[in-house]
Amino acid sequence: PVLARRLEAPQAGWTARADVVVVGSGIAGLTAALELRSRLGESGRVLLVTKGELSSGSTVWAQGGIAAALDPADSPKAHLEDTLVAGVGVCDRAAVEVLVTEGPDRVRELVGLGARFDRAPGGDIALTREGGHHADRIAHAGGDATGAEISRALLAQLDAVASDPGIDVIEHALVLDLIQGEPSRDADGGEVPGAVAGVTLHVIGAGQRDGVGAVLAPAVVLATGGIGQVYRSSTNPVQATGDGDALALRAGAVLGDVEFVQFHPTVLWLGSGMRGQLPLISEAVRGEGAWLVDIDGVRFMPDVHPMAELAPRDVVAHAIVERLRVTDANHVFLDARHLGADFLRERFPTITDRLAEHGIDWTTDLVPVAPAQHYHSGGVVTDLHGRTSVPGLYAVGEVACTGVHGANRLASNSLLEGLVFAHRAAADVAEGLGSGRLVPVEPSAYSGPVALVPAAMRSRIQRAAAFGPGVVRSHEGLVESLDRLASVPIDGGPRPAGVVDARPQVAEWETTNLHQLATVLAVTALERTESRGGHFRTDFPEQDDAWRVRVEVRLDAEGRVVVAHRDVVGAAAVGQDSPLA
């Protein structure tokens, strides 16, 4: 496939300047912005851009909690082993070591910032267990409102500096493309993408500025979240259209592990026509002892995996899909009735209320559930400091591929990853600005093809994604998916009579991002001829040690999709300087 390296958009009508632009207001974006403001001092200028309101990042939807080895009986090493097992042999071990060793301190710092985690009778942070963990290490807040509480605490800190001229916030803004300097060549003659010169963005009506503008800055931190709306059914908010992944791809950055999509096994089933953001039933419910049963009332997970309902999410999701096939059903049931009405209402008030909105009283009723897209384990490839392959471009949180998750994210590692690597990226940006490694560069002009996909094509794109790189994949389905995606009009120019038109606006820009990501998702899923973690091929149902590599993808100067393999496992073996050696 060939993809354009810029969105069609009007020329920037206004220009602003900053030292660093942070894009996104979930845990990763807010943490990066606050840490940068602290490190840059009085003279620094941080611009925080968010697609909705500050409080609308994906973090607020996190129910289960944040994983960290806080119990004296637990250890970072044990957390490491559980993460590596869930990642099915393709995690970057060095990145996981960073996560589990720095994680506990980052969580304690959250408490210092005012995050109110639930407490055990003795006063310590209450810890529970989720799928894939062999210890109680999930800290939660408000029962099942952990993400909302963490977001509240971070936003309170941001409010405290909101009047500071060193930090600026633009809400309701969609970031379009990276502004870059001239590309260069490496020692082997390969193209090195131009360094960051800033971003173009469009303020959506209610923001502080109107129309398309340019923010010039020597560093950009992407914290834009996931790709959920590539699929018809997802637990992600409607803003999750993969804007950061697509922007980075068009800028020449390397994406990795794109094919590893996590489908949450227990999403509320609302009928065959369900689409958009769907309510999930947190893994913590199964952690507390809930069971899965098929439509005949048969509990099936103990026959599938030694950890039964607490097996890694890919195992549970695939087991449900197989059970649906055997029973000719479109959902299974989650049975939490034996946990008791008082416990369910106190431990999971948000889920209780959400189910009640759909007429379900789970203290007496079975809850219909089915897998739906939940989390993207891949993203923009970074090093241990959040740096991407584009000089000056950083990625943190779900948009990033740090190597922590490998083929399948361990439950509740996502909030921790955003927290830990946002700290690291902020420290690296501050050092780069202070040392002169990150400096303003002259923007270069772009004269290549541009893309603009009609918003009316979104449902076609989503159908292609569900048909090809969905929960269960095959060569035939992936090839057909790519054919369907190739038939989508992408040029944004004048169209023949009777063909749907497109105008440069938010719906079209988002749909273009979804089309580009669905394409590289299908390409990488077709490339990996095995089954591993969040990637399951019916024509290659077994794991193959030859595929203990990261599949990486980028666009060349002409927009051609280029695929490569990288050995991240061997390169990340524990060394003498490992904190866990």
Side-chain angles (χ1 to χ4, degrees), residues 82-92 95-96 130-132 225-231 233-236 240 242 245 255-267 280 283 304-305 307 310-322 370-381 398-414 417 465-474 477-478 481 517-518 520-544 547-553 568-569:
D82 285 344
T83 301
L84 295 179
V85 169
V88 203
V90 289
C91 294
D92 182 331
V96 181
E130 293 183 0
I227 65 168
Q229 298 309 315
V230 166
Y231 293 89
S233 301
S234 172
T235 65
N236 290 187
D245 298 79
L255 273 58
D257 291 340
V258 178
E259 69 274 25
F260 294 128
V261 180
Q262 188 175 82
F263 294 86
H264 198 289
T266 54
V267 176
L280 68 84
E283 188 133 7
V304 174
H305 193 276
M307 297 183 73
L310 290 181
R313 286 176 177 173
D314 62 302
V315 175
V316 181
H318 296 157
I320 291 174
V321 170
E322 174 61 16
Q373 192 280 340
H374 180 55
Y375 189 85
H376 191 208
S377 295
V380 188
V381 173
E398 190 172 353
V399 70
C401 175
T402 62
V404 158
H405 306 305
N408 187 36
R409 174 180 68 95
L410 182 65
S412 288
N413 268 356
S414 52
E417 183 198 30
F467 184 83
V471 183
V472 176
R473 305 163 178 182
S474 69
L478 291 165
S481 178
L517 291 174
V520 296
L521 176 57
V523 166
T524 55
L526 186 61
E527 178 78 6
R528 183 175 287 274
T529 52
E530 65 153 359
S531 291
R532 186 183 297 269
H535 171 72
F536 183 77
R537 291 274 298 260
T538 56
D539 47 346
F540 294 97
E542 303 299 326
Q543 285 182 34
D544 182 349
W547 282 101
R548 290 193 67 188
V549 296
R550 174 187 291 158
V551 175
E552 296 186 340
V553 61
V568 294
V569 181

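None of the values given here were measured: they were computed from a predicted structure.
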For the residue pair [X] and [Y], establish whether any side-chain heavy-atom pair is separated by less than 4.5 Å.
| X | Y | result |
| --- | --- | --- |
| Phe536 | Val321 | no |
| Ile320 | Phe263 | no |
| Phe260 | Arg528 | yes |

- prompt: Short question: side chain of Ser481, backbone of Gly477 - any donor-acceptor pair under 3.5 Å?
  reply: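 No; judged by distance alone, with no hydrogens or angles, the pair does not exist.
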query: Does the Arg532 side chain pair with the main chain of Asp544, one donor and one acceptor, at a distance under 3.5 Å?
result: yes
Shortest non-hydrogen contact from [X] toward [Y]:
| X | Y | value |
| --- | --- | --- |
| Val96 | Val404 | CG2-O, 3.6 Å |
| Gly228 | Gln373 | CA-OE1, 3.1 Å |
| Val551 | Trp547 | CG2-CZ3, 3.9 Å |
| Ser414 | Tyr375 | CB-CE1, 3.6 Å |
| Gly403 | Ala95 | C-CB, 4.3 Å |
| Cys401 | Arg550 | SG-NE, 3.8 Å |

Spacing of [atom1] belonging to [X] relative to [atom2] belonging to [Y], to within rounding of 0.5 Å:
| X | Y | atom1 | atom2 | value |
| --- | --- | --- | --- | --- |
| Arg548 | Cys91 | CZ | SG | 9.5 Å |
| Asn408 | Asp257 | CG | CG | 11.5 Å |
| Glu283 | Leu310 | CD | CG | 7.0 Å |
| Thr83 | Asn413 | OG1 | CG | 4.0 Å |
| Ile227 | Leu521 | CD1 | CG | 5.5 Å |

query: Can His264 and Gln262 be said to form a side chain to side chain contact (heavy atoms under 4.5 Å, CB included), step by step?
result: CA-CA 6 Å; His264 198 289; Gln262 188 175 82; 5.8 Å; no
message: The test is side chain to side chain contact (heavy atoms under 4.5 Å, CB included); show your working for Thr529 and Arg537 and say whether it passes.
response: CA-CA 7 Å; Thr529 52; Arg537 291 274 298 260; 4.3 Å; yes
- line: Residue set satisfying ring-ring contact (aromatic ring centres under 6.0 Å, His included) with His535, at least two apart, ordered chain then number -> none
message: Once ring-ring contact (aromatic ring centres under 6.0 Å, His included) is applied, do any residues pair with His376, and if so which ones, sequence neighbours excluded?
response: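 Here no residue qualifies.
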message: Run the side chain to side chain contact (heavy atoms under 4.5 Å, CB included) test on Arg409 and Glu417 for me, step by step, so that the C-alpha distance in whole Å, both residues' side-chain angles and the decisive distance to 0.1 Å come before the verdict.
response: CA-CA 10 Å; Arg409 174 180 68 95; Glu417 183 198 30; over 6 Å; no
query: Run the side chain to side chain contact (heavy atoms under 4.5 Å, CB included) check on Val261 and Tyr231 step by step: do they pass?
result: CA-CA 11 Å; Val261 180; Tyr231 293 89; 3.9 Å; yes
